[in-house]
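Structure first, then comments.
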Amino acid sequence: MLLNRSLCVTRYCQNILHQSNKRSLSIKVAVVGSGPAGFYTTQKLLRNPDTTVDIYEKLPVPFGLVRYGVAPDHADVKNVMNSFTSIANHDRVNFYGNVSLGQSISLDDLIRSYHAVVLCYGSSQDKLLNIEGEATSRNTISSRNFVGWYNGLPEDKDLDVSLDCDTACIVGHGNVALDCARLLLRPANLEKTDITSYSQKMIASSKIRRIYIIGRRGPVQASFTTKELRELVKLNENYCRLEPESVCNMASLKDITRLPRQRRRLYELIHHLSSSTGHTRYIEDGRIECIFKFLAKPHRLIADEKTKLVTQLEIQRGVYNNAEDYLDPSSQPNYLDEYEKIDCGLVIRSIGYKALMVDSKIPQDRNKGAILNTCGRIHGYRSLYCSGWLATGPVGVIANTLDSSHITANSILEDINTGQLPNLKAERPGYKEIDKLLKHKKVQVVHFNDWLRIDELERRLGETLGKTREKFVDVSEMLQIASDKKQSIS
Ligand code: FAD
Ligand code: NAP
């Protein structure tokens, strides 16, 4: 018994010694970006007790599109920030905000200083329609900027947008398009959410009475999901309709049953939108009408010569020539020599995001809008990885980003275990080296505790206004709060 106990004690001491030896040779990983991909990748990497993770974030505040993309009326989705906070508080995780890869530090700086680097900085650009008038007509904006504006993204806070028109066109049939439409429909209690007060006021006094949601393909090819469409229809009961000429009844009910279940449900919901309800009544009711147009490809934007404000969106009609194509989610319609001009005073282009490459050496998959990688391993590199939208392209919800992050983290853990990761036996300076560079460039680094102070003040400010949070939208203001250690949190 005594022998057993002393054996245990010896083993325990050996273990401690082994661990402390290992700790002194910790595997230093840099993660760039603090959206879902950054946090989920970090969480999984922590499974190896020898890893320490330093998260670098361009903004002084964390959470990426959870803070700046997810709609304010989707508060439940934002709860994921609580688990991200627990990850950030882990003793082997450090957060360095206000540090931009490509500006404050370079990719080579990180590769030199860490055993492994994971790029998770998302897709911060938007796609263009590349049609006549797009660059020159005012009040033609991207959904990325519109979303950034209502969510308080610093670079979008001063967006030049006007809601003083009767009709808005939203181009694109994805969930972001539905988010924009829903916000313009003024969901109940919007003023109590974390929406920026300036945008909430403008939306509340918006003059928009009709919203066209325009897709270039058919109902089977729409990318929005049933839950999101149902939410929009419910909010705008009887005022959402289909434009009859933009759907062909080419497929019979029997054909529809061939569609996978999720697509069939979506198709049925789209068809359920009556083509007559709400029409003409909406103006007297003071309600906003939502019209879904399919098979309508943007062709040209026309603006007032003097003011340059957009006045019309011209679309080109398309058709599917047979039921087979009509029911194939990947098929393209044939576009006809038929055009239609839609009178409107606001055009929101919601046709997807794309990634910006911070270093010209990074190999790109231009079709996907992502970095060329296999299971998160970036082609041509041995210690460089990517995850999230940067690895998959700008598609998928947070759950898909979690999957991508776990795939990447598993690749890194495997490369550690199999000795594929180079220089594992040598010490790497990690943040010590980066700190020198940042000090030299006079970059004010925001630590996670500094963010918690900003967070606390935003919540308190929100409370006084009867809402969840009032976001700070100025980087300089955030940095001021971050540096003011007197504003302690309870
Ligand atoms: P991001 O969330 O974009 O995170 C990237 C991070 O990197 C950001 O913090 C960014 O500031 C930082 N960064 C960028 N450049 C640099 C740089 N050079 N240096 C350092 N840091 C940098 N999913 C849902 O499940 N539910 C929803 O309701 C939902 N709503 C959405 C609404 C919108 C408008 C959009 C666009 C997406 C929505 N999604 C939703 C999808 C979800 O947001 C994404 O799946 C997820 O955010 C992708 O995570 P990510 O970490 O790859 O990218
Ligand atoms: P998306 O789902 O890829 O939708 C983009 C839309 O733009 C598609 O209808 C596409 O049509 C259209 N489009 C692309 N290029 C076009 C062009 N040149 N002209 C006309 N139309 C064009 O992208 P997203 O809406 O930006 O959403 C990104 C991801 O975030 C999605 O996975 C989405 O589900 C997710 N998200 C989720 C939520 C939620 O869960 N509530 C909310 C927002 C976003 P084609 O199909 O013909 O290319």
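All values below were derived from every heavy atom in this structure, side-chain atoms included, with hydrogens, water molecules and symmetry-related copies excluded. Atoms within each ligand, like the ligands themselves, are counted from 1 in listed order. Everything numeric here is computed off the predicted structure, so don't read it as measured data.
Considering backbone and side-chain atoms alike, Ser123 places every N or O at 3.5 Å or more from each N or O of ligand 1. Below 3.5 Å of separation, one finds no N or O of Val77 facing any N or O of ligand 1. Considering both main-chain and side-chain atoms, Leu101 comes within under 3.5 Å of ligand 1 through a nitrogen or oxygen pair. For the pair Gly396 and ligand 1, the shortest N or O to N or O distance falls below 3.5 Å. Remark: ligand 1 and Lys58 share an N or O pair separated by less than 3.5 Å (distance only, no angle test). For ligand 1, the polar-atom distance check against Phe63 finds no nitrogen or oxygen pair separated by under 3.5 Å. Considering backbone and side-chain atoms together, Ile398 places an N or O closer than 3.5 Å to an N or O of ligand 1.
Heavy atoms of Ser124 come nearer than 4.0 angstrom to ligand 1 in no pair at all. Proximity of Leu356 to ligand 1 is not established, as no heavy-atom distance is less than 4.0 Å. The shortest heavy-atom distance from Gly102 to ligand 1 is not under 4.0 Å. The shortest heavy-atom distance from Tyr353 to ligand 1 is under 4.0 Å. Residue contacts with ligand 2 include Gly352, since one or more of its heavy atoms lies under 4.0 Å from the ligand. Distances from ligand 2 to the non-hydrogen atoms of Glu228 include at least one value under 4.0 Å.
In this structure, atom 2 (O) of ligand 1 lies nearest to the protein heavy atom Leu65 N, 2.9 Å. Taking atom 1 (P) of ligand 2 as the reference point, the nearest protein heavy-atom neighbour is Ser223 OG, 4.0 Å. Protein heavy atom in closest approach to atom 30 (O) of ligand 2: Trp389 CZ2, 3.6 Å. Counting only heavy atoms of the protein, atom 52 (O) of ligand 1 lies nearest to Trp389 N, 2.9 Å. Counting only heavy atoms of the protein, atom 10 (C) of ligand 1 lies nearest to Glu57 OE2, 3.5 Å. Of the protein's non-hydrogen atoms, Val70 CG2, 3.7 Å is the one closest to atom 29 (C) of ligand 1. Among all non-hydrogen protein atoms, the one lying nearest atom 53 (O) of ligand 1 is Gly122 CA, 3.7 Å. Of all protein heavy atoms, the one lying nearest to atom 28 (C) of ligand 2 is Pro394 O, 3.5 Å. Counting protein heavy atoms only, atom 27 (O) of ligand 2 is closest to Val176 CG2, 3.5 Å. Taking atom 4 (O) of ligand 1 as the reference point, the nearest protein heavy-atom neighbour is Gly35 CA, 3.4 Å. For atom 35 (C) of ligand 2, the closest non-hydrogen atom on the protein side is Gly396 O, 3.9 Å. The protein heavy-atom contact nearest to atom 49 (O) of ligand 1 is Pro36 CD, 3.4 Å. For atom 35 (C) of ligand 1, the nearest non-hydrogen atom of the protein is Val176 CG2, 4.1 Å.
Between Asp255 and Arg258, at least one side-chain nitrogen of the basic residue sits less than 4.0 Å from a carboxylate oxygen of the acidic one, meeting the salt-bridge criterion. Ion pairing between Glu134 and Arg300 fails under the 4.0 Å rule for side-chain N and carboxylate O.
Between Ile131, Ile315, Val70, Asn175, it is Asn175 that holds the heavy atom closest to atom 37 (C) of ligand 2. With Arg216, His74, Arg217, His299 as candidates, the residue nearest to atom 48 (O) of ligand 2 on a non-hydrogen basis is Arg216. Of the options Tyr68, Tyr40, Tyr121, the smallest heavy-atom separation from atom 14 (C) of ligand 1 is shown by Tyr121. Nearest residue to atom 5 (C) of ligand 2 from Leu178, Ile351, Leu129 is Ile351 (criterion: closest heavy atom). For atom 7 (O) of ligand 1, the choice among Gly33, Pro394, Gly97 with the nearest heavy atom turns out to be Gly33.
When each atom of ligand 2 is checked for a heavy atom of Val395 under 4.0 Å away, the hits are 32 (O). In the vicinity of Gly64, heavy-atom distances shorter than 4.0 Å reach the ligand 1 atoms 2 (O), 4 (O), 8 (C), 9 (O). For ligand 1 and Gly388, the ligand atoms under 4.0 Å from any heavy atom of the residue are 52 (O). Counting atoms of ligand 2 from 1 in the listed order, those under 4.0 Å from a heavy atom of Val397 are 37 (C), 40 (O). Shown in contact with Asp179 at under 4.0 Å from a heavy atom are these atoms of ligand 2, numbered in order with element: 42 (C), 43 (C). Distances below 4.0 Å separate heavy atoms of Val99 from the following atoms of ligand 1: 20 (C). Interface of Val32 with ligand 1, defined as ligand atoms under 4.0 Å from a residue heavy atom, comprises 19 (N), 20 (C). Taking a cut-off of under 4.0 Å to the non-hydrogen atoms of Ser100, the atoms of ligand 1 that pass are 18 (N), 19 (N).
Distance screen at 4.0 Å: atom 10 (C) of ligand 2 has no protein heavy-atom neighbour inside the cut-off. Within a 4.0 Å radius of atom 39 (N) of ligand 1, the protein contributes no non-hydrogen atoms.
A side-chain donor-acceptor contact under 3.5 Å links Tyr114 and Asp54. Using a 3.5 Å distance cut-off with no hydrogens or angles, the side chains of Thr225 and Glu228 do pair a donor with an acceptor. Using modelled atom types, one finds a donor on one side chain and an acceptor on the other under 3.5 Å when comparing Asp126 with Ser142.
Contacts between Ser350 and ligand 2, counted as non-hydrogen atom pairs separated by less than 4.0 Å, involve the backbone only. Residue contacts with ligand 1 for His74 involve side-chain atoms from C-beta outward but no N, CA, C or O (heavy atoms, distance under 4.0 Å). Residue contacts with ligand 1, taken as heavy atom pairs separated by less than 4.0 Å, involve Asp179 solely via side-chain atoms from C-beta onward. With a 4.0 Å heavy-atom cut-off, ligand 1 is reached by the side chain of Val147 but not by its N, CA, C or O. Using a 4.0 Å cut-off between heavy atoms, Thr401 contacts ligand 1 through its side chain alone, with no backbone atom that close. Within the 4.0 Å heavy-atom criterion, both parts of Val397, backbone and side chain, lie near ligand 1. By the criterion of a heavy-atom distance under 4.0 Å, neither the backbone nor the side chain of Ser143 is placed next to ligand 1. In Ala222, neither the side chain nor the backbone holds a heavy atom less than 4.0 Å from any atom of ligand 2.
A distance-only check finds a donor-acceptor pair linking the side chain of Asn89 to the backbone of Thr85 [under 3.5 Å]. No donor-acceptor pair under 3.5 Å is formed between the side chain of Lys441 and the backbone N or O of Ile105.
With sequence neighbours left out, Arg263 forms a salt bridge (charged side-chain N to carboxylate O under 4.0 Å, His left out) with no residue at all.
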Exercise answer: donor-acceptor pairs, residues 35-44 side-chain atoms, under 3.5 Å, sequence neighbours excluded:
unit_1 : atom_1 : unit_2 : atom_2 : d
Thr41  : OG1    : Ala37  : O      : 2.6
Thr41  : OG1    : Ser387 : OG     : 2.9
Thr42  : OG1    : Gly38  : O      : 2.7

Let me see the working for His299 and Tyr335 under ring pair (Phe, Tyr, Trp, His ring centres under 6.0 Å), right down to the final yes or no. CA-CA 11 Å; His299 179 67; Tyr335 292 103; over 10 Å; no
